[in-house]
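What follows is one structure encoded as structure tokens, with my remarks underneath.
Every number for a ligand or one of its atoms is a count from 1 in the order of the listing. What you see is a predicted model, and the numbers here were worked out from it, not measured in a lab.
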Amino acid sequence: MNMNLRVAPSLLSADFARLGDEIARAALAGADYIHVDVMDGHFVPNITIGPPVVRCLRRATNLPLDVHLMIDRPDIYAPQFADAGANFITIHVESPSLDSSHKISSLLTTIRSLGVKPGIVLKPRTPADAAFPYLDLCDMVLVMTVEPGFGGQAFMHNMLPKIAALRAEAQRRNLALDIEVDGGIDLSTAQLCCAHGANVFVAGTFLFGQSDQEMAARIAALHNLSP
Ligand code: DX5
Ligand code: ZN
């Protein structure tokens, strides 16, 4: 197993009536993080969960909670998710309230000051260099490999050069940056992402909806990838 690779099952594909059980079985299956997709019906055309639910998830697991904010006002809500127990909070550079580089830097700094690992997320049409000014302020960059909003979409292969560009820039600057991919991840697309420099794999459909045994086998296979 490559110690640097992490698997983050996305709760978006879990049974929302049984979130505690779903997290417990992901943990038993070998998950490293639990990926929590927060959508506000404005930034993306779907609505999911807010800080009260994250607070309950926090009591249900010791696994790090990786909170992906797909919302118009991450500046208002990121501190609330930090207080609710998030371990990672990733914010989209495209969020309308983050309309200056100063606002993005300042929110990343705020998140870090709250003891949470901050990250930047890039939608498919946003180029790699949109994240470059913030890499020192981030623990992670999340490259969306589908348009955010829904699970079960097809992986966009044209995101691979973006992953490679981010990894090259991180190496050039000697940064131990996590590069996370999200959307359409299965074993074969994760292998491609890994070969291009990604090391954290979010997967919804590929992991939830499987038996406990199959989920564990799939997480193990992801952990065993090598570039
Ligand atoms: C999509 C979310 C993803 C989603 C991925 O906007 O960010 O985390 O759950 O689902 P799959 O793995 O099914 O593409
Ligand atoms: Zn996500």
Exercise. Any donor and acceptor pair, going by atom type alone, linking the side chain of Asn46 with main-chain N or O of Phe150 inside 3.5 Å?
Worked result: no
Exercise. Is the ring centre of Tyr33 less than 6.0 Å from the ring centre of His35?
Worked result: no
Exercise. Less than 3.5 Å between some nitrogen or oxygen of Met70 and one of ligand 1, yes or no?
Worked result: no
Problem set entry | Nearest non-hydrogen protein atom, atom 12 (O) of ligand 1 | Gly204 N, 2.8 Å
Exercise. Using heavy atoms and a threshold below 4.0 Å, how should the contact between Phe206 and ligand 1 be classified: side chain, backbone, both, or neither?
Worked result: neither
Problem set entry | Gly183 neighbourhood, listing ligand 1 atoms whose heavy-atom distance to it stays under 4.0 Å | 14 (O)
For this session: May I ask you to list the atoms of ligand 1 that are less than 4.0 angstrom from any heavy atom of Gly151?
Result: 10 (O), 13 (O)
For this session: Find out whether Leu160 and Phe155 are in side-chain contact, i.e. whether some heavy atom of one side chain is under 4.5 Å from a heavy atom of the other.
Result: yes
For this session: Output the atom name for the N/O/S atom of His68 with the smallest distance to the Zn ion (ligand 2).
Result: ND1
Exercise. Looking at atom 14 (O) of ligand 1, what's its closest protein heavy atom, distance included?
Worked result: Gly184 N, 2.8 Å
Problem set entry | Identity and distance of the protein heavy atom lying nearest atom 1 (C) of ligand 1 | Phe150 O, 3.6 Å
For this session: Report the relative orientation of the aromatic rings in Phe43 and His92; use parallel for angles under 30°, tilted for 30 to 60°, perpendicular for over 60°.
Result: tilted
For this session: Would you kindly say whether Asp37 and Ser10 are connected by a side-chain donor-acceptor distance under 3.5 Å?
Result: yes
For this session: Could you tell me which atoms of ligand 1, counted from 1 in the order shown, lie closer than 4.0 angstrom to a heavy atom of His35?
Result: 8 (O)
Exercise. Is any NZ, NE, NH1 or NH2 atom of the basic residue among Asp83 and Arg55 found under 4.0 Å from an Asp or Glu carboxylate oxygen of the other?
Worked result: yes
Exercise. In ligand 1, which numbered atoms sit nearer than 4.0 Å to a non-hydrogen atom of Thr205?
Worked result: 11 (P), 12 (O), 13 (O)
Problem set entry | Working for side chain to side chain contact (heavy atoms under 4.5 Å, CB included), residues Phe16 and Ile49 | CA-CA 10 Å; Phe16 272 43; Ile49 68 184; 3.6 Å; yes
Exercise. Can you find an N/O atom of Gly152 closer than 3.5 Å to an N/O atom of ligand 1?
Worked result: yes
Exercise. Hey, which atoms in ligand 1 end up nearer than 4.0 Å to a heavy atom of Ala203?
Worked result: 12 (O)
For this session: For Ser10, take its heavy atoms, then give the atoms of ligand 1 lying under 4.0 Å from any of them.
Result: 4 (C), 8 (O), 9 (O)
Problem set entry | Atoms in ligand 1 with a heavy atom of His68 nearer than 4.0 Å | 7 (O)
For this session: Hey, could you give me each pair passing salt bridge (charged side-chain N to carboxylate O under 4.0 Å, His left out) that has a residue in residues 56-74? Not counting sequence neighbours.
Result: Arg73-Asp75
Exercise. Is the side chain of Thr90 donor-acceptor paired with the backbone N or O of Gly119 at a distance under 3.5 Å, no angle test?
Worked result: no
Problem set entry | Protein heavy-atom partner closest to atom 6 (O) of ligand 1 - residue, atom, separation in Å | Gly149 N, 2.7 Å
Exercise. Do Arg218 and Leu222 come within less than 4.5 Å of each other through their side chains, counting heavy atoms only?
Worked result: no
Problem set entry | Thr189 (side chain) donor-acceptor with Asp186 (main chain) under 3.5 angstrom | yes
Exercise. Between Asn87 (side chain) and Leu65 (backbone), is there a donor-acceptor pair under 3.5 Å?
Worked result: yes
Problem set entry | Glu147 N/O under 3.5 Å from ligand 1 N/O | no
Problem set entry | Angle in degrees, rounded to 10°, that OD2 of Asp182 and OD1 of Asp37 form at the Zn ion (ligand 2) | 170°
Exercise. For Val202 and ligand 1, does the shortest N/O to N/O distance drop below 3.5 Å?
Worked result: no
Seminar exercise, completed: ligand 1 to Asp182, heavy atom cutoff 4.0 Å, flagged ligand atoms 2 (C), 3 (C), 4 (C), 5 (C), 7 (O), 8 (O)
